[in-house]
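For reference, the structure is listed below as C-alpha cells.
Side-chain atoms are counted along with the backbone in the values below, which use heavy atoms only and exclude waters and symmetry mates. Every number for a ligand or one of its atoms is a count from 1 in the order of the listing.
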Amino acid sequence: MKILSTVPLLCLLFGATHTLAQKKKPNVLIILADDVGTGDVPGYWNNEIVDMPNLRALQEKGVTFTDAHSTPLCAPSRYSLLSGNQPHRGTEVFGTWGLYPSGQTQFYGRQQSIASMLKTGDYHTSMFGKWHIGGGLPDGYNKTNILSSQDWENGRLSNGPADHGFDDSFYTLEGIQGAPYSFFRNGKLLTEEEDIVYWEKGEHVSQGGNTFEILNPGEGDKHWDSTSYNKKIYRKAETFIDNHIENHSDKPFFMYFSLGSVHIPHTPPKQYFDGTKIAGRYEDPHLDLLFEMDLIVGSLTKKLEDENLMEDTIVIFTSDNGGLHMKYPNRVLRGFKGNLYENGHRVPFIMRYDGVLPAGERRDEHYIALWDIYATIAQLTDLKIDEYSAQDSKSFKEYAISGSAGAPRKYLTVYKPQTDKHQAAIRDGDFKFIRDYINKWEALYNLKDDIGEKHNLLVTDFDKYNGLRKKLRNKLRQNGPCPADRGHSFKLRHGKKAGTTVNCSFFRKYSESKCYWQPFGEVVCNSICGRFRKFCRLWKDYEAEFLDN
Ligand SMILES: *[C@@H]1O[C@H](CO)[C@@H](O)[C@H](O)[C@H]1NC(C)=O
Ligand SMILES: *[C@@H]1O[C@H](CO)[C@@H](O)[C@H](O)[C@H]1NC(C)=O
Ligand SMILES: *[C@@H]1O[C@H](CO)[C@@H](O)[C@H](O)[C@H]1NC(C)=O
C-alpha cells in the first residue's frame, strides 16, 4: 500500500486535463511469456517461489486481472492474441504451429492482425521472439534440410511477421523448441549459408561455452545458443526503441515481445547483462528462467521509463497458456498447460497505462481473454476494426479503468479441438462447464467456492443443474468449431458476383478459394468456410447429439 500512496495524488493533480481523448495515441507493448501460469508469478495465489520484483512493480503501477484466459495451447493462443479470434476461425481448426509446406499461417482469408490494425493509425510496429503461427519457405519445404535446401540469397520467408503488419521483426519460427534454430529479420534468414548446421537431439555446448539442449533435431545456425535467447531479443527491442526515438518519434510504436521463457528446454543463461547470477540461482533451471523473465520485464519497463515513454505507453504482460511446472504445481488451481482445467488456460494478465488506468488495483469480478486485447487496444487507440477481423474480441477498456463497469463478455468459451482429445469449456459467471467429446464426460463447477474444480455439480446435483448444462452445451456449439449456419440470405460483397443475394448453399460446394474471397461466408456460413467442414465431418454424431438436447 505504501508504494501506491503517491499515485492518487498525481491523478488528482492531472486528472482534469489528462483525459484519454486529449492524449496522443499511446505506444503499445505486449509482453507474451511462454508457459507461465498464475502460480508462477506474484500477485495471484501467494504461492510464488521465485522473487519477481519487476512484475510486482508492474502490478503496483497497473491493474492485475485475476480471471484472464488464453487457450491451453501455445500456437492457438498466439493466433488469438494477434487476430482477436478464437483459434478455430483460423486456417486450421487445430491451429497452425511451425512451418507449413503450403506456407500458410493461421491468419485466414482477409483477417488482419492487431499490428495491421494499428498501422491504420500510422503505428511503427515491431515483433521480437517467438512467432509460431506458421509461414512458408521460399523454395518449398523439406524437413531434413529445411534451411540448406533454400535459396536465401534471393528468397525470403513468406507469411511471416513482415506480411502481417510488422515493420520490423526479429524472430525464430518455433521459439527455442524446434528447427530452424536461426533468427530471421523481416523474412530474411540471418544465418550465412556456410554457417548452417544440423543440430542433433541432445545436449550441446555453444561457442560461448554455454550448455543448452536441442529437443527436436533439425537445421540451424552454428552459433545457436538458446540460453541467450531472451537477452538477444531484448537487445533488438532496445535498438528498435532507440531507432524509434531518433527516426520515427512522430509516430506511436507497437511492440509484440514474445519471450522464449519459460518453455522447455530449460537452459538458463549463466548471468544477466549486469552480471546478476541466473543459472543455479534456484534449485531448478525452470525457476532460474522465471527469474530471468522478470529481469527482462524489468529491462523493458526501465527502458521506457528512462526514455520518458511510460506516460504514453500501454504495457500488457500475459502468457500463452497456463503453467507447466510438475515439481511445483499450482497449489490452488487444478491442471497444467494443455488441458481445460483452470491452470491450463488461466493466465497472468497485468496492464499498465499511466494516467489512464489506476495503479495497484485488481480486477477479480469478470473474465477477459487474450483475444479481447485486440478490441481493447483498438478502443484505447481510437482505431477501427476491419469488418472481417477480430470477430471474437470484446473491449475491456471500461472494466480495466473502473472495476465497477459491467462484464466485458457474457460467456467465455475455450476450445481444444483435437481429434484425439477434443474438449471444450465455457464460463457463465462463476459456473464453468467442461465437455470431453472423446471420453464423453462432462463437469460443472462453481468456481466461486470451488476454484480448484474438485466438486462436479453434475455428479452431486444433476437435476438441479441439468437446465444450465443444456444451455451451456448449446452455447459451446454456437461459438465453437462446428456451429450451424444462419438460415437467412445475404448479399455478396466481394468477387465477381458482388451484389448477388445468396444463402449458405452458395458455399456448399466447398471450395477454399470461394470462401477465401467471400469472408462473409465465414461470418454467416460458419460451418462451410472458416470452421472447416473437414473437422466437423469428424463429428457427425456431435451434430445429432446437440440437436436432441
Ligand atoms: C529432402 O532432402 C533430402 C536430403 O537432400 C532428400 O534426400 C529428400 O529426397 C528431400 N525430400 C523431398 C521431399 O524433397
Ligand atoms: C536512424 O536512421 C538512420 C538512417 O537509417 C540510421 O543510420 C540510424 O542508425 C538510426 N538511428 C538509430 C538510433 O537507430
Ligand atoms: C438458397 O439458395 C438456393 C439457390 O439459390 C435456393 O434454391 C434455395 O431455395 C435457397 N434456400 C433458402 C432457404 O432460401
Side-chain angles (χ1 to χ4, degrees), residues 27 98-104 122-128 136-152 155 162 166-170 173 178-182 185-186 188-191 193-194 196-200 216-220 232-255 257 299-300 302-304 306-309 483-493 495-511 514-515 518 520-529 533 547:
N27 306 310
L99 284 168
Y100 258 65
S102 66
Q104 73 188 38
D122 207 25
Y123 270 71
H124 180 211
T125 57
S126 63
M127 183 270 155
F128 301 96
L137 291 162
D139 304 315
Y141 177 86
N142 185 332
K143 196 171 169 34
T144 320
N145 48 16
I146 202 164
L147 292 181
S148 57
S149 58
Q150 311 292 316
D151 172 14
W152 292 108
F166 292 99
D167 297 324
D168 192 5
S169 52
F170 176 83
L173 288 160
Y181 298 103
S182 279
R185 178 149 219 160
N186 306 331
K188 275 311 232 188
L189 179 69
L190 293 178
T191 298
E193 203 178 328
E194 61 270 24
I196 297 173
V197 296
Y198 191 87
W199 286 105
E200 298 288 352
N216 302 293
E219 284 189 336
K232 209 170 236 169
I233 61 172
Y234 170 73
R235 282 295 189 222
K236 298 292 175 188
E238 192 178 52
T239 308
F240 171 84
I241 293 172
D242 290 338
N243 179 34
H244 180 84
I245 292 167
E246 193 162 305
N247 294 315
H248 304 272
S249 60
D250 53 323
K251 300 179 175 189
F253 74 76
F254 169 55
M255 184 187 292
F257 190 87
S299 292
L300 284 165
K302 182 169 187 307
K303 177 72 182 163
L304 296 176
D306 288 352
E307 304 291 353
N308 289 320
L309 290 168
D485 297 326
R486 275 184 221 168
H488 60 75
S489 53
F490 53 89
K491 266 197 187 132
L492 291 175
R493 300 191 187 180
K496 281 189 194 138
K497 298 196 170 168
T500 319
T501 301
V502 299
N503 58 41
C504 287
S505 75
F506 176 80
F507 294 101
R508 201 136 277 150
K509 277 209 182 93
Y510 177 71
S511 145
K514 201 182 237 181
C515 287
Q518 299 290 350
F520 222 62
E522 152 66 14
V523 181
V524 185
C525 309
N526 310 293
S527 76
I528 301 166
C529 289
R533 287 200 297 171
L547 294 177

Note to self: Would you say that Ile196 contacts Tyr198 through its side chain, given a criterion of any heavy-atom pair below 4.5 Å between the two side chains?
What the structure shows: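 No, too far: nothing below the 4.5 Å cut-off.
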Next item on the list: For residues Thr144 and Ser149, determine if any side-chain heavy atom of one lies less than 4.5 Å from a side-chain heavy atom of the other.
Entry: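 Contact flag for Thr144/Ser149 side chains = no.
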Notebook entry, point to check: Is there a donor-acceptor pair under 3.5 Å between the side chain of His124 and the backbone N or O of Asp250?
Noted result: no
Item checked: Check: Thr144 N/O within less than 3.5 Å of ligand 1 N/O ->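 Thr144 vs ligand 1: no N/O contact under 3.5 Å.
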Margin query: Which residues pass the ring pair (Phe, Tyr, Trp, His ring centres under 6.0 Å) test with Tyr100, not counting sequence neighbours?
Written below: none
Item checked: Partners passing side-chain contact (heavy atoms from CB on, under 4.5 Å) against Ala179 (at least two apart in sequence or in another chain) -> Tyr181
Check: Taking only residues two or more places apart in sequence or in another chain, which ones pass side-chain contact (heavy atoms from CB on, under 4.5 Å) with Lys303?
Finding: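 side-chain contact (heavy atoms from CB on, under 4.5 Å) check on Lys303 returns Tyr234, Glu238, Ile241, Asp242, Glu307.
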Next item on the list: Kindly assign one of parallel, tilted or perpendicular to the pair Phe257 and Phe128, based on the angle between their ring planes and the thresholds 30° and 60°.
Entry: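 The arrangement is tilted - the two ring planes meet at 30° to 60°.
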Note to self: For ligand 2, which is the ligand I care about here, please tell me if Asp242 has any N or O atom under 3.5 Å from one of the ligand's N or O atoms.
What the structure shows: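 No - when backbone and side-chain N and O of Asp242 are compared with those of ligand 2, no distance drops under 3.5 Å.
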Margin query: The test is side chain to side chain contact (heavy atoms under 4.5 Å, CB included); show your working for Asn145 and Gln150 and say whether it passes.
Written below: CA-CA 9 Å; Asn145 48 16; Gln150 311 292 316; over 6 Å; no
Check: Relative to the heavy atoms of Asn142, which atoms of ligand 1 are at a distance of less than 4.0 Å?
Finding: 1 (C), 2 (O), 3 (C), 8 (C), 10 (C), 11 (N), 12 (C), 14 (O)
Check: When you look for heavy atoms under 4.0 Å from ligand 2, do you find them on the side chain of Asn247, its backbone, both, or neither?
Finding: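 The part of Asn247 near ligand 2 is the side chain, not the backbone.
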Provide, line by line, the atom pairs where ligand 3 and the protein bring an N/O atom each to a distance under 3.5 Å; else say none.
unit_1	atom_1	unit_2	atom_2	d
ligand 3	2 (O)	Asn503	OD1	3.1
ligand 3	2 (O)	Asn503	ND2	2.5
ligand 3	2 (O)	Ser505	OG	3.3
ligand 3	11 (N)	Asn503	ND2	2.7
ligand 3	14 (O)	Asn503	ND2	3.2

